[in-house]
J.: 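Here it is: the structure, laid out below.
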Amino acid sequence: MILDKEHLRKNLDEVIWNIEQARISVSEHHIVKLVTVAKYTEVENIATLYELGQRAFGENQVQQLRERMAQLEDLPLEWHMIGRLQKNKINNLIDLRPALMQSLDSLDLALEMQKKLEAKEAGMHCLMQVNSAKEETKAGVSPEAAVDTYLKIKETCPNITLKGVMTIGAHTDDAKAIQASFETTHSIFETLEKEGASVCSMGMSGDYELAIKCGSNMVRIGSALFR
Ligand SMILES: *Cc1c(COP(=O)(O)O)cnc(C)c1O
């Protein structure tokens, strides 16, 4: 559904207000970046959000990312890839030059991407995805292997610049379990800060305030903006 500007302004203001309350409860100096997840919405709504000041947008499919980047190429938007990347789409993603690829979910994928980046003499900024709730349906490196895998990618993939970690909170109504999955990822992030990690991407429409209180500094929000 195409939403009018005042409607989107109200939703955006509400989300920004909630982010603000949560981040200030952590620290005045804790800055949180909002990435709008556009996967379920029309391209017109992205353009309206841009008029309202929003700059960073995420898509979970390479194909959709490509179409939208083309449709909105006149706007100076920052595009994030946030979904599972199939190996046969790596070259397509590299050609799109996204600002941040948030879903690097295994050493195997990293090595494959490294090969293709090297061949194209290109680079990519990435987050390593952590499967913090150990859910079979979710991609990501297990919490136990996360630090080692991150360091291994840094060491073996010079064309990939790792900027931090991303996780999807536990898929449950149990706030304690969701909080535990965020705390797990944040403690991995804290270890990796010594290795230069600066982004801890966690929190979606249903759990971003909790994620921020657990230390997230990047939230990925879709449905709360487009309802
Ligand atoms: C869809 C998606 C989001 C946003 O989800 P909402 O609940 O609509 O806010 C965030 N992160 C990832 C990885 C997603 O696929």
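Both counts, for ligands and for their atoms, begin at 1 and track the order of listing. Source: prediction; values computed, not measured.
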J.: Going hydrophobic residue to hydrophobic residue with side-chain gaps under 4.5 angstrom, can you get from Met81 over to Leu111?
T.: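 Same cluster: Met81 reaches Leu111 through Ile, Leu, Val, Met, Phe, Trp or Tyr contacts under 4.5 Å.
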J.: Please check if any side-chain donor atom of Gln179 sits under 3.5 Å from a side-chain acceptor atom of Glu183, or the reverse.
T.: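 Glu183 and Gln179 do have a side-chain donor-acceptor pair below 3.5 Å.
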J.: Answer yes if the side chains of Ser103 and Gln129 hold a donor-acceptor pair under 3.5 Å, and no otherwise.
T.: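 No, no side-chain donor-acceptor pair sits under 3.5 Å.
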J.: For ligand 1, give me the residues whose heavy-atom distance to it is below 4.0 Å, by chain and number please.
T.: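 Correct list: Val37, Lys39, Ile82, Ile168, Met204, Ser205, Arg220, Ile221, Gly222, Ser223.
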J.: Between Ser132 and Thr184, is any side-chain donor less than 3.5 angstrom from a side-chain acceptor?
T.: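 No donor-acceptor contact under 3.5 Å links the two side chains.
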J.: If hydrophobic residues (ILVMFWY) are linked whenever their side-chain heavy atoms come closer than 4.5 Å, directly or via other members, who joins Trp17 in its cluster?
T.: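 Besides Trp17, the hydrophobic cluster comprises nothing; the residue is isolated.
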J.: Give me the one residue out of Ile82, Leu72, Leu49 that meets side-chain contact (heavy atoms from CB on, under 4.5 Å) with Phe57.
T.: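 Only one option passes, and that is Leu49.
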